[in-house]
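Working notes for the structure below.
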Amino acid sequence: MRTVKETVREAVPEAARPEPAPGAERYPALDFANSSLALPGGHFVDLLGTPDAASRWLVERGLAPADAGLREVCAAQLRSLREQIRALIASRVEGRPAPPSALAAVNEALTRAPAASLLHWDPARGLYRAASHPTTQVVDHALAVLAADAADLLTGPDAERLTACGSTPCTRFLLRHGRRHWCSTRCGDRARAARAYARRSRTEAD
Ligand SMILES: [Zn+2]
């Protein structure tokens, strides 16, 4: 018999998870911005949609301990920061002024908790670095790391290469390499197929 947990995992099917967009392996903030997927056929998959899914997303990226046990309020905070970071990336890509509310949200995340892992000492391990671990701070730390990474990305040399995936209905961002502006081979294939279809329809209409 399936547990509820397994059903939830399968509700975010592997097939719905495209490969990371170019740049997302280097910038967790870009991966974060892309964690809500718009799929063909009007389907949406939110990799931070439930506390379990959000925990898994953080654990897989080393941003939370395996037993983090996020609550819905934490998942909601993550989704909220994601939307603000997406708004900042979109404004950068489109050459518009940065939305003040998005700047405020990123700065709030940056200053509420240290993004750096702090230095600790105990008799068994000696000196070591680790994030502070009271449950409430796990999420604050993750938010701070993601906000700091977004600020680095948006002000660093790679900001020039930020672009939105050109394949409808995809809403992911990527770092452009040459002329490619698809986030994944699947989006590229779909865009090419759409172009071919449009060409065919035009020819038939003539
Ligand atoms: Zn795409």
Side-chain angles (χ1 to χ4, degrees), residues 8-50 52-63 75-76 78-96 98-99 102 105-106 142-143 145-147 149-202:
V8 168
R9 190 164 302 146
E10 286 173 9
V12 183
E14 283 307 310
R17 294 186 175 213
E19 72 250 42
E25 64 299 313
R26 196 141 36 95
Y27 292 100
L30 189 55
D31 204 14
F32 183 54
N34 288 343
S35 62
S36 157
L37 307 169
L39 305 171
H43 299 297
F44 294 89
V45 174
D46 191 344
L47 303 178
L48 309 175
T50 64
D52 271 0
S55 295
R56 200 157 51 241
W57 194 92
L58 291 180
V59 170
E60 283 169 4
R61 284 151 189 84
L63 290 170
L78 284 161
R79 293 194 298 269
S80 165
L81 181 67
R82 176 182 64 198
E83 293 320 303
Q84 303 292 3
I85 288 176
R86 286 186 58 83
L88 280 173
I89 294 176
S91 69
R92 179 67 179 76
V93 166
E94 292 158 21
R96 288 183 286 104
V106 166
L143 292 169
V145 169
L146 292 165
D149 190 62
D152 286 345
L153 169 60
L154 287 162
T155 57
D158 286 334
E160 287 296 326
R161 295 164 49 215
L162 271 172
T163 191
C165 178
S167 183
T168 343
C170 183
T171 56
R172 301 209 301 172
F173 295 106
L174 64 139
L175 293 182
R176 200 174 40 237
H177 284 281
R179 293 180 56 222
R180 174 182 158 165
H181 59 292
W182 323 118
C183 75
S184 60
T185 45
R186 196 183 314 162
C187 275
D189 290 348
R190 197 173 59 245
R192 271 188 292 275
R195 269 208 308 273
Y197 178 79
R199 257 198 314 272
R200 256 198 326 275
S201 315
R202 261 201 314 276

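Computed over heavy atoms, backbone and side chain alike; hydrogens, waters and symmetry mates excluded. When a ligand or atom number is given, it counts from 1 through the structure's own listing order.
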Atoms of the protein (N/O/S only) found under 2.8 Å from the Zn ion (ligand 1): Cys165 SG, Cys170 SG, Cys183 SG, Cys187 SG
Report the C-alpha separation of Arg161 and His177 in whole Å, then their side-chain angles, then the decisive distance to 0.1 Å, and conclude whether the side chain to side chain contact (heavy atoms under 4.5 Å, CB included) test is met. CA-CA 8 Å; Arg161 295 164 49 215; His177 284 281; 3.0 Å; yes
Suppose we screen for salt bridge (charged side-chain N to carboxylate O under 4.0 Å, His left out). Which residues come up paired with Arg195, at least two apart in sequence or across chains? none
Taking all non-hydrogen atoms of both residues into account, name the closest pair between Ile89 and Ala33 and its distance. CD1-CB, 3.8 Å
If you compare all heavy atoms of Ala150 against all heavy atoms of Ile85, which two are closest, and at what distance to 0.1 Å? CB-CD1, 3.8 Å
Taking every non-hydrogen atom, the tightest pair across Asn34 and Ala21: ND2-CB, 3.5 Å
Can you tell me if Glu94 has over 12 outside heavy atoms packed within less than 6.0 Å of its CD? yes
